[in-house]
Amino acid sequence: MRTTSWIAAFALALASGTAAAQDLKLIGLDGQIVILTPDQVAAMPHVTLTVTVEGKTATYRGVPLTRLLVRVGAPTGKDLRGPALRDVVLVSARDGYGVALALAETDPLIRGDQIILADAADGAPLPDTLGPYRLVIQGDQRGARLARMVTQIELRKLDR
Ligand SMILES: Nc1nc2c(c(=O)[nH]1)N[C@H]1C(S)=C(S)[C@@H](COP(=O)(O)O)O[C@H]1N2
Ligand SMILES: [Mo]
């Protein structure tokens, strides 16, 4: 491809909100899109979370899910009330796997158990089979909701 057409393709990719494979795509209720590169995610405040799921204990490190959701306008704390209690968070993975959570259950001011988007486990970056990101939900006893290979997080409103 010539340089000019490459630049055009890149501009088109940006305009259409297309994320590179390792990028994280956030989608808000009004369709607003925020794409975070691995460097941008790495620069956000991280916490660690040790969980035991199906007998296996691991210490994950990552960004609290709420911090990502506010980037696309999600209400938190006292603002998370009324119709927002019906909003859902759809976490999607590279292999088509998906997990839906209630927005309210992701809020640390509503529920004490933490939910993070992990980029490291037991001191090492997540390998390709687990990363770039893994949803880690404190209190879950089964592994099903701990989505591996997460690439997108979308807020959705239920009509009724
Ligand atoms: N993207 C993706 N994440 C996934 C799955 C999957 O098929 N695809 N399976 C889930 C299930 S059912 C389990 S039990 C755990 C297994 O995670 P582990 O390999 O760390 O034990 O991953 C969960 N996350
Ligand atoms: Mo599972």
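Owing to the predicted nature of the structure, the values given are computational and were not obtained by experimental measurement. Remember, it's 1-based here, ligands and their atoms both numbered in the order they're listed.
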Steps toward side-chain contact (heavy atoms from CB on, under 4.5 Å) verdict (L36, D23) = CA-CA 6 Å; L36 298 177; D23 286 346; over 6 Å; no
List, one per line, each side-chain donor-acceptor pair under 3.5 Å for residues 109-125, sequence neighbours excluded.
from : atom 1 : to  : atom 2 : distance (Å)
D119 : OD1    : H46 : NE2    : 3.4
D119 : OD2    : H46 : NE2    : 2.8
D122 : OD1    : T59 : N      : 2.9

side-chain contact (heavy atoms from CB on, under 4.5 Å) between V34 and L68, intermediate numbers included
CA-CA 10 Å; V34 171; L68 295 163; over 6 Å; no
Contacts of Q152 meeting side-chain contact (heavy atoms from CB on, under 4.5 Å) (sequence neighbours excluded), chain-then-number -> K25, I27, S92, E154
Sorted by chain and number, sequence neighbours left out, salt bridge (charged side-chain N to carboxylate O under 4.0 Å, His left out) with D140 holds for R145
Same hydrophobic cluster for M149 and V53, using side-chain heavy-atom links shorter than 4.5 Å among ILVMFWY?
no
Sorted by chain and residue number, the residues having a heavy atom closer than 4.0 Å to an atom of ligand 1 are E54, K56, A93, D95, Y97, R134, G143, A144, L146, A147, R148, M149
